[in-house]
Protein chains: 2
Amino acid sequence: MVPLYILGLLKRYGPQHGYRIKKTIADMLSDFTHIKLPTIYYHLSKMAADGLLSAISEKPGARPEKTVYSLTDKGAAACRRLLSELLAAEYRPAFDNDAIFYFAEHFRPAELAAYLQSYAGKLGPMLDIINAHREETLRHVPDDAKPMVHILFRHHELHFQAELAWARDALRMLQK
Amino acid sequence: MVPLYILGLLKRYGPQHGYRIKKTIADMLSDFTHIKLPTIYYHLSKMAADGLLSAISEKPGARPEKTVYSLTDKGAAACRRLLSELLAAEYRPAFDNDAIFYFAEHFRPAELAAYLQSYAGKLGPMLDIINAHREETLRHVPDDAKPMVHILFRHHELHFQAELAWARDALRMLQK
DNA sequence: AATATTATACTCAGTCCTGACTATTTGTCA
DNA sequence: TGACAAATAGTCAGGACTGAGTATAATATT
């Protein structure tokens, strides 16, 4: 995913350096991906070495050099290829907290119930945050992009709701 | 997650070597985690070096050595600690296919619709497979473990349903 | 009885990821 | 104007993950 996000952002917003890409991701995509700054620099170097990006070092008036990366034709092709590969990908989730129940013998039933209770209690507020982010994003996006914003946030909303429904279901199953 | 699964399985089923742990995970946990064999060996070595496991090389009649790992007291403590850390973890999903819609400018609307249609078409059969696995698992598990099996599979069922609901919603949003 | 296939058991090199760190520049508030 | 915080720009060492490979044993097939 990291290379795709980098290539896509360079395509959309033009030549940039690593820190600006990180900032875009942190500002606009924090709900959708959790890429860290050194990961971005890693892939920028790698893709430059592979010829997907061209790197130009700038030395503006003040000293520290920055490296500005821009998309090559090969990079644009790689972006298209990565996107089309996604179309064939399957949904195959894995949830860390499943281990709690797979190893349920390590807990007393009351501990499991307390966990689910507190977990469910956190999910409601998280849903509110998601929806606040959606409103915020809609305010900063051109009209023709709004349907996509809705689709993206709806995706997360539905899975947060599923997680909440699960916590409540599980609580009921434990008490039965 | 990998160390926790290894420690938990060693605790429950006693001393084992890497291949058997992998087999248990592949046979019983394939819906819940996707750990590969070299990853298991990596963590076995590491945890042995850290004193969480003790390793004993066996040379049974036939030649090839196997290394049997068993839990030390320190390993049992680590298992408890990892499990209790999970109780505090938050739900923070990321979906690869979100990139399709974040970079929707690369697709024609009809391509996006075709993707969602085919994606939704795959999710139904996957749900059936999940539920078949649940039945199969219930048949091989003692009565007192059955509620946990239901909780685990319900978790995945709900998220597959959420994914399906999203695909259909998104299709509607595109057509509007 | 010879051969093929599958299961068992493990290793290695290469890739990816990130916490912790360095260093400069630009506010900003007293 | 001096000093402290925040933003900008990046590096590095170390840990985690896995595709591809090695090698033997057991089982099936012909």
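Every chain is numbered from 1 and lettered A, B, ... according to where its sequence line falls, protein lines coming before strand lines. Predicted model, so just to flag it, every value in this text is computed and none were measured.
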**Study point:** Residues B:Arg81 and B:Glu85 bridged, charged N to O under 4.0 Å
**Key:** yes
**Study point:** Ion pair check, B:Glu105 and A:Lys11, cut-off under 4.0 Å
**Key:** no
Quickly work out the [X] [atom1] to [N] [atom2] distance and round it to whole Å.
X	N	atom1	atom2	value
B:Tyr19	C:dT8	OH	P	4 Å
A:Ile6	C:dC17	CD1	P	9 Å
B:Tyr69	C:dA9	OH	P	13 Å
B:Lys23	C:dC10	NZ	C1'	17 Å
A:His17	D:dT11	NE2	P	13 Å
B:Lys66	D:dA23	NZ	C1'	15 Å

Check your understanding: Base, sugar-phosphate, or nothing for B:Lys22, non-hydrogen atoms under 4.0 angstrom?
Key -> nothing
Review point. Taking a hydrophobic cluster as the set of Ile, Leu, Val, Met, Phe, Trp and Tyr residues connected by side-chain heavy atoms closer than 4.5 Å, whether directly or through intermediates, do B:Val68 and B:Tyr13 fall within one such cluster?
Key: no
**Study point:** Runs of at least three consecutive pairs that involve DNA chain D, where pairs are Watson-Crick or G-U with distances under 3.5 Å
**Key:** C:1-30 with D:1-30
Review point. Relative to the ring of A:Tyr119, is the ring of A:Trp166 parallel (under 30°), tilted (30 to 60°) or perpendicular (over 60°)?
Key: perpendicular
Would you list the protein and nucleotides 17-20 of chain D atom pairs, both N or O, that sit under 3.5 Å from each other?
from, atom 1, to, atom 2, distance (Å)
D:dC17, OP2, B:His43, NE2, 2.4
D:dT18, OP2, B:Thr39, OG1, 3.0

